[in-house]
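As structure tokens, the structure follows; a few thoughts come after it.
Computed from a predicted model, the values in this text were never measured in an experiment. Side chains included, hydrogens not; waters and symmetry mates left out as well; all remaining heavy atoms used. Note that ligands are numbered from 1 as they come in the structure, with each ligand's atoms numbered from 1 the same way. Sequential numbering from 1 along the given sequence is applied to the chain's residues.
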Amino acid sequence: MTINENFLKLKAGYLFPEIARRVNNWTEANPDKTGDLIRCGIGDVTEPLPQAVRDAMKTAVDEQGVAETFHGYGPEQGYGFLRDAIIENQFAGLNISADEVFVSDGSKCDTGNILDIFGPGNKIAITDPVYPVYVDTNVMAGNTGEADENGAYDGLVYLPCTADNQFTPAIPEEKVDLIYLCYPNNPTGTTATKEQLQAWVDYAKENGSIILFDAAYEAFIQDPAIPHSIFEIEGAHDCAIEFRSFSKNGGFTGVRCGYTVIPKSLTVTSSTGEEVSLHALWNRRQSTKFNGASYPVQRGAAAVFSPEGKAQVSALIEHYMGNAALLLKTCQEIGLKTFGGENAPYVWVQCPEGVDSWGMFDKMLEEAQVVITPGSGFGAAGEGYFRISSFNTRENVEEVCRRLTALA
Ligand SMILES: *Cc1c(COP(=O)(O)O)cnc(C)c1O
């Protein structure tokens, strides 16, 4: 009997459990102040599901109650009505077709599961700070060695993103096989220009690397010059996979729907010299291990692209970006250096001189009763920063701003 001992390499003190532990300790010690607590930590949405989505889901549930309109197992890649709507609304003019879209129950799973189609021994590059899923799934897959005392895993190529390089990771000097890029970025809220992404695509094509592009936050982009998709970049169809989600734009974090785009032109040479299609491998993987997102959920997701759905999603984005603008303004007014927050729902803040990430977390919890996320929890280069999420009600954000001002 053996187990996958790669799991034993995972760091026990994972970020969100440690936040929960500190918050619990504090609430136990301060039962009278617990009601004041405002959470700006975990990246979950707070506003309800759009009306158009709920209506579509209710209709779909009723269809399931009638033999003539009942839907059993659906197509493993997702229903045509949703894949067509995705192409029409998100990839028009980008030379992506509906059969290159794989609908799923969310992009966290897809960004992790994608490793099923890659073999052992690949060199993996990740930005630092980073969405922890990319790291932990590679640890589980055996693509790393052990972690050091800072939580950095042997075998991974870390690309530091700090104020010194404007949060733009340097293109690696060495050859890497897989590169995870997330834009707009979680946790830093920063974006990549067309030129920066072009440099990555050029690197990938030169080195035979694959870019795993996570665009979960593309709907928050306000600046028309910033690309929403890696497939806006010349050459990306030969070297990139893109992950998208309905979680943050449509408020689907509890409903669950996302999708992965793999161009058919994307191939990798096998050890025997055969050109193998990653699209074909992923199709095989999904049809074996996954049976599709539910019919009512896919109807709800398609409703995001209806005229009413689009208007309601725009209002949600406007709400969260309004929150981000308030948080940015307040942090700047009290003399804190801020990044992100203009094309993403996250504001990335430099800690005041002499305070580290967890120090800032404790200070905000104890003195302002506000839960933020310490930057160091996303990687060693996140030390000295903290993340404030704008996923909140306007009242809560206004109160957070008042408390930040009082704290200064
Ligand atoms: C929220 C988020 C996702 C989306 O995850 P789902 O599983 O679709 O809810 C993907 N990537 C990043 C970086 C995220 O923050």
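- Checking Asn165 against Thr168 by side-chain atom types alone, no donor-acceptor pair falls below 3.5 Å.
- At least one heavy atom of Tyr217 sits under 4.0 Å from some atom of ligand 1.
- Glu383 is not listed as a side-chain neighbour of Pro129, based on a closest heavy-atom distance of 4.5 Å or more.
- Taking Phe378 as the reference, nothing meets the ring pair (Phe, Tyr, Trp, His ring centres under 6.0 Å) condition, with sequence neighbours excluded.
- Atom 1 (C) of ligand 1 has Lys248 NZ, 1.2 Å as its closest protein atom, hydrogens excluded (heavy atom only).
- Using a non-hydrogen distance threshold of 4.0 Å, Cys182 registers as a contact of ligand 1.
- In this structure, Thr253 does not count as a contact residue of ligand 1, since none of its heavy atoms falls inside 4.0 Å of the ligand.
- Put simply, the side chain of Phe118 reaches to within 4.5 Å of the side chain of Leu278, judged on heavy atoms.
- What sits closest to atom 9 (O) of ligand 1 on the protein, heavy atoms only, is Ser247 OG, 2.5 Å.
- Counting heavy atoms closer than 4.0 Å to ligand 1, residue Ala216 contributes side-chain atoms (C-beta onward) but none from N, CA, C or O.
- Per-residue contacts place Gly106 under 4.0 angstrom from the following atoms of ligand 1 (heavy atoms of the residue considered): 7 (O), 8 (O).
- Between the side chains of Asp148 and Tyr153, no donor-acceptor pair is found at a separation under 3.5 Å.
- Every residue two or more places apart in sequence or in another chain was checked for a ring pair (Phe, Tyr, Trp, His ring centres under 6.0 Å) with Tyr183, and none qualifies.
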